[in-house]
Amino acid sequence: MRLLHTADWHVGKAIRGRSRSEEFAAALDQVVGIALAEGVDAVLLAGDVYEHRAAPPEADELVFDAFLRLHDAGIRVVVIPGNHDSALRLAALGKLLRPIGVEVADRVLPPERGGIVEVPSRDGSQLARVACVPFVPERRFGDAAQLFDASEAWHQSYADGMGRLLAAMAAGFRPDAVNVLLAHLFTDGALLGGGEREITIGLAYAIAPSRLPADASYVALGHVHKPQAVRGSPAPARYAGSLLQLDFGEVDQRKSVTIVDASPGRPAAVREVPIEAGRRLLDLHGTIDELAAAAGGVGDAWLRVFVRTDGPAPGIADRVRELLPNALDVHLDYERQEPEAPQTPVSSLRPRDQFVAYYRSQHGADPGEELLEAFDEVLALELEEA
Ligand SMILES: [Mn+2]
């Protein structure tokens, strides 16, 4: 049977206050289009459906539209919550989503208690058994482990405990089924691509790829936004990656979904299908004149701009934004002097010298005469009023 693996939609995420709803709509439209064109039996959505735990209505609308279109095409969906999602909210939505073929596995459950979702192929000839492991925060691992026959050893470390939990889930696999692990977790050695909250991408959370179940036909992962195969996994395993370039840490990443062809008792064959929708994120470097010359060639990309100057240049960020309306971040690029270690504590300096010390620490250069005059003026006014 054929599955479409996608993850980390993060619907509702804005960038520097600018909405990306149109981009999410276009990207989801493409995902649904690929599912239809490829004739998949089911879609596996590996967590971080939404950006925010309390998703705004327009995010719901986009997600529901995608689910309804898949339902109209007779394609089932299995969803797990990621660390950005509210599992409780997805659980509640799941009651309404089940009748349209969207199964929400909102928490970790042992196989015999519903932790494995069964999805038949559309022709009824094959059955996928999807072991669902939503994101488990470290502080909640004990609650998850409690549902299993967990020994003391489960609690030595999160990474080891999760390895044991994955093995317990895989105990529910059957040789005559297409066995899949669907999980939102971080594996050791994954190539990061930004856009993920730092706290959950760290050593304490990193599960050794060797702990992924060897008898899975496929392991469908979410959490890491750069699409990639998991090196060192005993079964075919992939991070599908995010839907859009979500932040400047994801510049240059090509987004995709993964198409999985699987049969019982053998490793799945996988291939990537690119997602072209959504605007690019782009880093732009140059002097103000070079940026002006480049403005015509950047299309509708969201920009992070590094302006080369001789030193601090008040007002230049506004000029850059006039030239490049999609400049979200503007950084000044000039040689910064290492601030000297202060001889006297800053607090004992006169206000003007405090300002100079602060300016040097922020900009790596001395403030201009004009700025100092303005400072003196404001200070004088303040003192007058006091
Ligand atoms: Mn994510």
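Start at 1 and go down the list; that is how both ligands and their atoms are numbered. By convention here, the first residue in the shown sequence is residue 1.
Cation-pi geometry between Arg336 and Tyr334 is satisfied (NZ or CZ under 6.0 Å from the ring centre, within 45° of the ring normal).
Of all N, O or S atoms in Asp8, the one lying closest to the Mn ion (ligand 1) is OD1. For Asp48, the N, O or S atom closest to the Mn ion (ligand 1) goes by the atom name OD2. In His10, the N, O or S atom that comes nearest to the Mn ion (ligand 1) is NE2.
The Mn ion (ligand 1) has an N, O or S atom of His225 closer than 2.8 Å.
Ile100 CD1 to Leu70 CG: the interatomic distance, rounded to the nearest 0.5 Å, is 9.0 Å.
The ring pair (Phe, Tyr, Trp, His ring centres under 6.0 Å) analysis of residues 296-326, with sequence neighbours excluded, yields the pairs His285-Phe306, Phe306-His331. Each ring pair (Phe, Tyr, Trp, His ring centres under 6.0 Å) pair with one or both residues in residues 366-386, not counting sequence neighbours, appears once here: Phe355-Phe375.
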